[in-house]
Amino acid sequence: MVARRGYALEESATDKIPLWVCEHVEAAELKGTAARRNHFLADPKLAPGARSEPEDYVKSGYDQGHMAPAGNQLQSQTL
């Protein structure tokens, strides 16, 4: 399980994807100027080999995506 400032998730080390994501959103977080970033990195809270890496998506036919909608975190896009 990984807990972040705006959301928590449980990760499947086998499939290297979230099993579920739960976010807490307050009205103030929906208003702001934090820019969405599409700079995806391996999650440092997960062990190498148990997490997806950016190169896993190269020519895979799959897209990387946000685990919680970036538009719900307009006050800050920090982890």
Side-chain angles (χ1 to χ4, degrees):
M1 181 127 108
V2 175
R4 298 250 188 244
R5 189 168 159 232
Y7 63 95
L9 65 95
E10 183 177 359
E11 179 88 6
S12 166
T14 302
D15 298 322
K16 300 179 183 180
I17 59 170
L19 297 172
W20 56 263
V21 177
C22 178
E23 67 175 327
H24 176 79
V25 180
E26 295 183 10
E29 294 171 314
L30 299 174
K31 299 176 185 141
T33 58
R36 174 184 169 156
R37 297 180 328 210
N38 287 322
H39 183 68
F40 295 99
L41 304 170
D43 193 322
K45 289 192 173 189
L46 300 171
R51 66 186 185 201
S52 64
E53 303 287 345
E55 56 269 15
D56 293 338
Y57 291 88
V58 175
K59 297 183 180 180
S60 70
Y62 292 97
D63 293 329
Q64 295 179 82
H66 292 88
M67 291 180 276
N72 290 354
Q73 305 293 327
L74 295 177
Q75 290 293 312
S76 172
Q77 290 283 306
T78 60
L79 296 176

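Worth knowing before you read on, the calculation uses all heavy atoms, side chains too, and leaves out hydrogens, waters and symmetry mates. Just so it is clear, the structure is predicted and the values come from calculations on it, not from any experiment.
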Practice problem: Run through the side-chain heavy atoms of Ile, Leu, Val, Met, Phe, Trp and Tyr, join any pair under 4.5 Å, and report what else lands in Ile17's cluster. | Solution: none
Exercise. Sorted by first residue and then second, give each salt bridge (Lys or Arg N to Asp or Glu O under 4.0 Å) pair with at least one member in residues 54-74; sequence neighbours left out.
Key: none
Self-check item: Other ILVMFWY residues reachable from Leu30 by side-chain steps of under 4.5 Å
Solution: Val25
Practice problem: Quick one: list whatever passes side chain to side chain contact (heavy atoms under 4.5 Å, CB included) with Gln64, sequence neighbours left out. | Solution: Phe40, Pro54, Tyr57
Quiz item: Partners of Glu53 by salt bridge (Lys or Arg N to Asp or Glu O under 4.0 Å), sequence neighbours excluded?
Solution: Arg51
Quiz item: How would you list, by chain and number, every residue that makes a side-chain hydrogen bond (donor to acceptor under 3.5 Å, both in side chains) with Glu26, sequence neighbours excluded?
Solution: His24
Quiz prompt | Least distance between heavy atoms, Arg4 atom then Pro44 atom | solution = NH2-CD, 4.3 Å
Self-check item: OG on Ser52 to CD on Glu11, rounded to 0.5 Å
Solution: 6.5 Å
Practice problem: Quick one: which residue pairs count as a side chain to side chain donor-acceptor pair (under 3.5 Å) with a foot in residues 12-21, not counting sequence neighbours? | Solution: Glu10-Trp20
Exercise. Indicate if Leu46 and Met1 have the same hydrophobic cluster label, given that clusters are the connected sets of ILVMFWY residues with side-chain heavy-atom separations under 4.5 angstrom.
Key: no
